[in-house]
Amino acid sequence: MSEPVPHMTPEQFRQHGHEVVDWIADYWSRLESFPVRSRVAPGDVRAALPPSAPEQGEPFSAVLADLDRVVLPGVTHWQHPGFLAYFPANTSGPSVLGDLLSAGLGVQGMSWVTSPAATELEQHVMDWFAELLALPASFRSTGTGGGVVQDSSSGANLVALLAALHRASGGATVRHGVLPEEYTVYVSSETHSSMEKAVRIAGLGTDAIRIVEVDGDLAMRPAALAARLERDTARGYRPVLVCATVGTTSTTAVDPLAEIGQVCRRYGAWLHVDAAYGGVSAVAPELRHLQAGVEEADSYTTDAHKWLLTGFDATLFWVADRAALTGALAILPEYLRNAATEAGAVVDYRDWQIELGRRFRALKLWSVVRWYGAEGLRAHVRSGVALAQELAGWARDDDRFDVATPHPLSLVCLKPRWPADVDADVATMTLLERLNDGGEVFLTHTTVRGQVVLRVAIGAPTTTRAHVERAWALLCEGHDWLAADFAEQAAERARAEAERKEAERRAAEEEAARRHAAEQEAAEREAAEREAAEREAAEREAAERAAQQQPGREEPAAQSEDQEPADRDPADREPREDAEPAATPPVTG
């Protein structure tokens, strides 16, 4: 007989649960002691883990010990008050406790019958948030549409596209899928990349995407959208969906929903509003103008897990026509049939999402909204916006930075100013890495009109004005340090250039002197040679003149070999040995 499995008893759970809650509370209290961004190298965390799973169970105290030894060094601390990167991934005490309750209940809320409270609490909480965000009545569960908690806005974008395809095709895509080069989807250059991924997953392919031009504030231009829709419909394409954004990821640009909605209505395209970051700001009435025209939307998504104090995952997604959504996604195998579903009296959220299974996510949203109330949620959003506006004001008043884009919410994009002879993008990235390596803050970058800028995203629950002031001081100190370094490098380059020019000048002078000396030597040698030649010629000429000037002198006649000189004494003459004796003259007389 096998040994019983050593399940954790309720009393053991109580004990270790207290330890875990204490550990989390201690972690939150010491957040600022950690560098915001993890400093481990790739592979460090795995190297600290055993190669195989333990054969025997271990006490939970060992897990907590390794949490400190192995896990924490590899954590980038998203709840740190100096976390100013990406968008915030808020959590809070009520959210964690709500998640703990969800995990403790462990229900599977795929259908109403599997846990009625999981469905009905979610419906009710989604109606609460529709009211808090001033969304149209069609998004309420009492209207033609309704809301659901999705895992992410990426998933919400996909199900919105599937619903739009179902409506555009009259349900045909459910039966035979999509046809090549039939449907088109419209985004701007600032639209989140998850929309392109959704187009791929849906089988349309990236060739179906049309990128609409943006204006100077990086918002989609309705006139450009209309022109593209007109051109595509004339060529036989069927526009399926237009994705408009409230608070783009890069810069928090806001597309004009009202004008875009009118264009969509004219061409029969589904308007999906991706307000993943910016949508929750509508809890503050003074910020609702950013999504004026939202009543034109067919679907809408925003993330409570970004800026509304609720831990991931908690995406709020609404549709104005739930029939299009469920028509695209509903499948009812025999093992899921039940009387409530058959009667059509309930909502089965498995038909509102990609997955079949679903956690009881509504519990943490319910916990958060009940703990903070609408007033507390508004205060949190307003605090982030106010701090961002103050930071932008400091940058505008400083000659070291420019505010690169409009900043209606809690993100500010800063463009450092650098000398003209400095590569601005390299300098800005160097500043970013210097700040992040310091450990006090963590920022990210993006590009605006082809130039690198720094993103400062405010929103963590622990971030106060003092933390934003410190981030600004670090930005200024880093800029000054780099600017001084660049100035020193420029001065060094100038010195090196001056030394180079001086060396070239000296070398040129030496070369000129060498050439002058060589030329002088050659000239002297030439002069000497010319003088010698002239002297020799003069001597020859003088000799010739002297010879010509001797009077009566004739050139001696040529003498034969046998002829003696005329001035020779006859007595000195000797007979030649070979001469014959002279003949004796005859005696006469």
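Quick caveat, the model's predicted, so the values are computed rather than measured.
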Count the heavy atoms belonging to other residues, nucleotides or ligands that lie under 6.0 Å from CZ of R288, then report whether that count exceeds 12. yes
Check whether Y237 forms a cation-pi arrangement with R231 (NZ or CZ under 6.0 Å from the six-membered ring centre, at most 45° off the ring normal). no
4.5 Å side-chain heavy-atom contact, T184 and R228: no
With a 6.0 Å cut-off on the ring centroids, do W318 and F129 count as close? no
Between the main-chain N or O of G459 and the side-chain N or O of H380, is there a donor-acceptor pair closer than 3.5 Å? yes
Student check: side-chain heavy atoms of H272 and L161 closer than 4.5 Å: no
Just so I know, are the side chains of E296 and L257 near enough to count as touching, which here means a heavy-atom distance under 4.5 Å? no
Ignoring hydrogens and angles, write down the donor-acceptor pairs under 3.5 Å from the side chains of residues 112-121, residues two or more places apart or on other chains.
residue: W112; atom: NE1; partner: E120; partner atom: OE2; Å: 2.8
residue: T114; atom: OG1; partner: Q108; partner atom: O; Å: 2.7
residue: T114; atom: OG1; partner: S111; partner atom: N; Å: 3.3
residue: T114; atom: OG1; partner: S111; partner atom: O; Å: 2.7

Which one of L84, V412, L409 satisfies the side-chain contact (heavy atoms from CB on, under 4.5 Å) criterion with I458? L84
Kindly give the heavy-atom pair with the smallest separation between A156 and T301, and that separation in Å. CB-OG1, 3.5 Å
Between T315 and S153 (side chain of the first, backbone of the second, donor and acceptor by atom type, cut-off under 3.5 Å), is there such a pair? yes
Close side-chain approach of Y349 and E122, heavy atoms under 4.5 Å: yes
Any luck finding a side-chain donor-acceptor pair between D232 and Y267 under 3.5 Å? no
Does the T302 side chain pair with the main chain of L316, one donor and one acceptor, at a distance under 3.5 Å? no
With salt bridge (charged side-chain N to carboxylate O under 4.0 Å, His left out) as the test, would you mind laying out the steps for D99 and K364 before giving the verdict? CA-CA 5 Å; D99 245 344; K364 60 186 173 187; 3.6 Å; yes
Check the pair D313 / V149 against side chain to side chain contact (heavy atoms under 4.5 Å, CB included), numbers first and verdict last. CA-CA 9 Å; D313 49 357; V149 185; over 6 Å; no
List the atom of H305, the atom of S152, and the distance in Å for their closest heavy-atom pair. CE1-CA, 4.4 Å
Value rounded to 0.5 Å, distance of OG in S299 from CZ in R322: 15.0 Å
Kindly give the heavy-atom pair with the smallest separation between Q123 and V347, and that separation in Å. NE2-CG2, 3.4 Å
Just so I know, are the side chains of D66 and V71 near enough to count as touching, which here means a heavy-atom distance under 4.5 Å? no
Decide yes or no for S95 and V368: does some side-chain heavy atom of the first lie under 4.5 Å from some side-chain heavy atom of the second? yes
Between V75 and S38, is any pair of side-chain heavy atoms under 4.5 Å apart? no
Whether S92 side chain and L309 backbone form a donor-acceptor pair below 3.5 Å: yes
Kindly say whether T91 contributes a backbone atom to a donor-acceptor pair with the side chain of Q79 at under 3.5 angstrom? yes
As an exercise, state the distance from NE2 of H192 to OG1 of T245, rounded to the nearest 0.5 Å. 9.5 Å
A168 backbone acceptor or donor facing R238 side chain under 3.5 Å: yes
T326 and W352: side chain to side chain contact (heavy atoms under 4.5 Å, CB included), yes or no, with the steps? CA-CA 6 Å; T326 58; W352 293 52; 3.6 Å; yes
More than 12 heavy atoms of other groups within 6.0 Å of E355 CD: yes
I need the L49 CG to D44 CG distance, nearest 0.5 Å. 11.0 Å
Distance flag, aromatic centroids of Y27 and H77, threshold under 6.0 Å: yes
Shortest non-hydrogen separation from P408 to V254 and the atoms involved: CG-CG2, 4.5 Å
Quick one: sort the Y277 and W307 rings into parallel, tilted or perpendicular, breaks at 30° and 60°. parallel
Measure the CG-CG distance between D348 and N338 for me, rounded to the nearest 0.5 Å. 6.5 Å
Do any N or O atoms from the side chain of T463 and from the backbone of P81 form a donor-acceptor pair under 3.5 angstrom? yes
Evaluate L165 against L204 for side chain to side chain contact (heavy atoms under 4.5 Å, CB included), listing each step before the verdict. CA-CA 10 Å; L165 275 167; L204 296 172; 4.1 Å; yes
Please step through ring pair (Phe, Tyr, Trp, His ring centres under 6.0 Å) for the pair W78 and Y86, ending with a clear verdict. CA-CA 10 Å; W78 285 67; Y86 308 106; 5.7 Å; yes
Would you give the length of the straight line joining atom CH2 of W366 to atom CH2 of W371, rounded to the nearest 0.5 angstrom? 15.0 Å
Looking at every heavy atom in both V273 and A297, which two are closest together, and how far apart are they? CG2-CB, 3.7 Å
Using 4.0 Å as the upper bound for N to carboxylate O, is an ion pair formed by R167 and D298? yes
If you take all heavy atoms of R382 and A284, which pair is closest and at what distance? NE-CB, 3.9 Å
Inter-residue atom distance Q262.CD - L271.CG, 0.5 Å rounding: 11.0 Å
Working for side chain to side chain contact (heavy atoms under 4.5 Å, CB included), residues R337 and E342: CA-CA 7 Å; R337 293 184 180 277; E342 295 287 348; 2.9 Å; yes
Could you check whether any side-chain N or O of T447 sits under 3.5 Å from a backbone N or O of G450, counting only pairs where one atom can act as donor and the other as acceptor? no
Has S188 got a side-chain atom pairing as donor or acceptor with V212's backbone, closer than 3.5 angstrom? no
Would you say CD of E375 has more than 12 non-hydrogen atoms from neighbouring residues, nucleotides or ligands within 6.0 angstrom? no
Donor-acceptor pair, distance only, cut-off 3.5 Å: does the side chain of Q353 make one with the backbone of G357? yes
Under a 4.5 Å cut-off applied to non-hydrogen side-chain atoms, are D217 and T405 in contact? no
